[in-house]
Every structure is written in structure tokens, then in C-alpha cells.
Amino acid sequence: MKFNFLPADIRYAILSINENKLSEIRVRSGQRVIVEYEGEYNYLGKFGITKNKFEALICESASQILLNAMGDCVYKYSEQLKQGFITIQKGIRIGIAGEFVTEGDKINTINFITSLNIRIAHDIKGCSLPIFKRIMLDRVPCILLFSIPGAGKTTYLRDIAYNLSNKANKNILIFDERDEIACVTESGPSFDLGERVDVIRGANKLYSITSAIRALKPQVIIFDEFYGKNDLDAINFAVSCNIPIIASTHICDKNYLKNLPFDYFVELTKIGANPIIYDKNFNIVCDSGINNATWNTVF
């Protein structure tokens with residue numbers, strides 16, 4: 001069961017709501033459970049969503065929930081813990097708050113866990129079609145999706161990979177540094193990304209891209225959470241090899257973004273809303289109403 005690491009009362013309450021509309025479960029030791037549902041934060045009660053705080057469920061122990069999620073195998077997640085989160089089955093990402101034990105400028109471990117932000121991954125086929133319909137007329141350009149956290153960037157990347165693989169017949173290489181896009185387990189990816197997708201997990205993008213371009217010969221490269229010089233160097237290398245990059249970032253400073261080597265920028269404003277598409281100079285290409293347009297696409 002997807003949420004079997006949660007206490008029974010929280011787990012059964014989730015069964016009462018539409019999981020497709022659930023984005024986050026926030027648990028804090030000794031505090032009321034809060035969820036993001038349909039883009040709004042409310043309490044989670046015994047029978048589902050409630051605005052009445054006196055009906056809210058109480059989290060007894062955030063640390064026990066984390067242990068359950070790791071299956072009592074802390075060593076397996078030790079490297080992820082150093083980044084302040086873990087990713088478990090079905091792409092569920094758990095952000096962790098507590099006492100950060102550091103060594104130099106790096107997290108060594110986290111003690112005394114006090115709260116968790118449990119983010120639910122979604123697989124929404126067709127969500128990226130507005131992008132395809134507007135800017136993939138005859139080729140695959142370099143595209144950067146940007147937004148604040150939680151607006152659906154990774155969900156869009158999954159759907160882009162699926163469409164490019166199954167409909168455009170492209171060989172796709174996904175760099176899944178945090179194991180969130182494909183969410184690979186022993187039995188393979190947790191999401192259907194298409195039949196022409198290769199996944200590299202947990203590696204530095206710059207080193208991996210330079211090696212993988214030679215070894216795997218991708219036609220398109222996709223990765224999540226662009227940030228910093230190494231990622232920029234990786235993008236520049238791929239572009240110099242004439243391989244389009246489709247990536248995402250939390251950076252929303254348009255003056256910074258416009259200097260990056262992308263053909264288009266796609267701003268996600270909120271879940272369920274059409275994206276705003278800009279050209280490389282941040283002129284608006286399209287901001288709404290394109291779902292009903294009739295465009296020929298690359299597939």
C-alpha cells in the first residue's frame with residue numbers, strides 16, 4: 001500500500017479523499033496533521049479534509065513515521081538524509097526538519113526529527129500537451145520549466161518524457177539525481193515514461209552527461225532541479241553536442257534565466273493552470289487558451 005508507512009488513523013483518513021488532488025501531508029510531532037489538497041492547506045480529520053482544527057488528527061511521532069518510511073534501513077537512505085530528504089516508493093519525497101549535524105558546510109546526519117513534509121508524486125498523462133502544441137511544431141527545442149516548489153514541474157517532465165518516447169519515437173535520457181522523476185525500484189520505474197527511456201540515478205549531472213552522451217547516444221536529455229555552475233556546464237556541453245535539454249528549476253528570477261542557453265522558458269503558476277510560455281528573450285509566446293488550439297506537433 002502506498003501510504004503503509006503512515007499511522008493507521010492518517011492512512012485511513014487519506015482513503016476518504018481523492019488522492020489525485022493530494023499534494024502534501026505535513027506532520028509535526030504533537031501537532032495537528034495538515035494537508036495540501038486542491039491547492040489549499042487544511043486539516044486532515046478522521047473522515048478526510050476539515051477546516052475545523054478540533055477535528056484534526058494529531059501526529060504522535062514524526063521520527064517514527066520516517067523510520068517506517070525507511071523500513072528501519074537507515075543506511076540505505078544515508079546519502080539522501082544528508083540532503084535533508086528521502087525519496088521512497090511511488091516517488092513520495094519526504095522533507096525532514098530536526099537537528100542538522102553538520103561537518104564543514106555539509107549535513108552529516110539529522111537527529112531529533114520534529115516534522116516531515118510528505119510530497120505526493122503524480123502521473124498525469126497529457127498535462128504537458130499545451131507545451132507540445134505551442135513550441136514543438138517541427139523539432140525538440142531546449143526548454144526550462146520554472147516555478148516555486150510544488151507547482152508540478154516533475155509531473156510535467158514525466159509526461160514530456162512519455163510523449164517524446166512513445167509518440168515522437170525519441171531516445172530519451174533522464175538524469176534522476178534525486179530519484180523523483182522515474183522513481184526506480186528493483187522492478188523498474190514506478191511511472192510509465194515510455195519504452196525509449198534510459199534513466200541514470202543519483203549521479204553528478206556534469207560527469208554523467210559527458211559520459212552518457214558517448215555511451216547511450218540520447219536524442220533528448222531531461223533532468224530535474226537545475227541549479228549551479230556544474231549543471232550549467234552540463235547543459236552547455238549537451239547543447240554543444242546538438243542534444244536538446246529539457247529541465248526544471250526553482251529559480252524564478254527572469255533576468256537570471258534569460259541568460260541561460262534555452263530556447264523557451266515555461267512558467268508553471270499553479271497546479272491545473274495552463275503554463276505561461278516565453279521565448280528565449282522572455283517575450284510571451286502564449287499564456288492561456290491553447291488547449292483548444294489545433295497545432296501540428298513533432299509527433
To the nearest 0.5 Å, what is the distance between [atom1] on [X] and [atom2] on [Y]?
X      : Y      : atom1 : atom2 : value
Leu260 : Cys142 : CG    : SG    : 11.0 Å
Ile120 : Ile25  : CD1   : CD1   : 4.0 Å
Leu44  : Ile14  : CG    : CD1   : 6.0 Å
Ile143 : Ile135 : CD1   : CD1   : 4.0 Å
Asn166 : Asp192 : CG    : CG    : 6.5 Å

Inset, instruction - May I have the step-by-step check of side chain to side chain contact (heavy atoms under 4.5 Å, CB included) for Lys153 and Thr249, ending in yes or no? - result: CA-CA 8 Å; Lys153 294 184 296 298; Thr249 184; over 6 Å; no
Inset, instruction - Run the salt-bridge test on Lys258 and Asp279 with the 4.0 Å N-O cut-off and return the result as yes or no. - result: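 Salt bridge between Lys258 and Asp279, a charged N being under 4.0 Å from a carboxylate O: no.
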Inset, instruction - Report yes if some heavy atom in the side chain of Tyr227 is under 4.5 Å from a heavy atom in the side chain of Leu232; otherwise report no. - result: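 Answer no - side chains too far apart.
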Legend entry - Sub-4.5 Å side-chain heavy-atom contact between Phe132 and Leu164: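 In contact.
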Ignoring hydrogens, what is the shortest heavy-atom contact between [X] and [Y]? Give both atom names and the distance.
X      : Y      : result
Ile172 : Ala161 : CG1-O, 4.2 Å
Thr87  : Tyr77  : O-CE2, 3.6 Å
Ile235 : Pro261 : CG2-CG, 3.7 Å

Inset, instruction - Could I get the full list of side-chain hydrogen bond (donor to acceptor under 3.5 Å, both in side chains) partners for Arg26, not counting sequence neighbours? - result: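 side-chain hydrogen bond (donor to acceptor under 3.5 Å, both in side chains) list for Arg26, sorted by chain: Glu24.
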Inset, instruction - Go through Val199 and Phe175 one step at a time and tell me if the side chain to side chain contact (heavy atoms under 4.5 Å, CB included) criterion holds. - result: CA-CA 6 Å; Val199 181; Phe175 286 92; over 6 Å; no
Legend entry - Worked check of side chain to side chain contact (heavy atoms under 4.5 Å, CB included) between Asn42 and Tyr37: CA-CA 7 Å; Asn42 283 297; Tyr37 188 77; 5.9 Å; no
Inset, instruction - With sequence neighbours excluded, tell me which residues meet salt bridge (charged side-chain N to carboxylate O under 4.0 Å, His left out) with Arg93. - result: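 Checked Arg93 against salt bridge (charged side-chain N to carboxylate O under 4.0 Å, His left out); matches are Glu180, Glu225.
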Inset, instruction - Would you check if there is a donor-acceptor pair between the side chains of Arg11 and Asn4 at a distance under 3.5 Å? - result: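 Short answer, no.
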Inset, instruction - Ignoring hydrogens and angles, state whether a donor on the side chain of Lys254 or Tyr278 is under 3.5 Å from an acceptor on the partner side chain. - result: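 Tyr278 and Lys254 do have a side-chain donor-acceptor pair below 3.5 Å.
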Legend entry - Cationic tip of Arg158 above Phe191 ring, under 6.0 Å, 45° of axis: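 Yes, Arg158 sits over the ring of Phe191.
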Over 12 non-hydrogen atoms of neighbours within 6.0 angstrom of [atom1] in [X]:
X      : atom1 : value
Asn242 : CG    : no
Glu40  : CD    : no
Gln83  : CD    : yes

Legend entry - Pair Phe265 + Phe282: ring centers closer than 6.0 Å: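 Phe265 vs Phe282: aromatic centres under 6.0 Å.
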Inset, instruction - Look at the side chain of Asp224 and the backbone N and O of Thr154, then say whether any donor-acceptor pair between them is shorter than 3.5 Å. - result: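 Side chain of Asp224 to backbone of Thr154: no pair is present.
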Inset, instruction - Please work out whether the ring planes of Tyr256 and Phe226 are parallel, tilted or perpendicular, with thresholds of 30° and 60°. - result: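 Parallel: the ring planes of Tyr256 and Phe226 meet at under 30°.
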Legend entry - Inter- and intrachain pairs under side-chain hydrogen bond (donor to acceptor under 3.5 Å, both in side chains), touching residues 110-123, at least two apart: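 Residue pairs passing side-chain hydrogen bond (donor to acceptor under 3.5 Å, both in side chains), neighbours aside: Asp123-Lys125.
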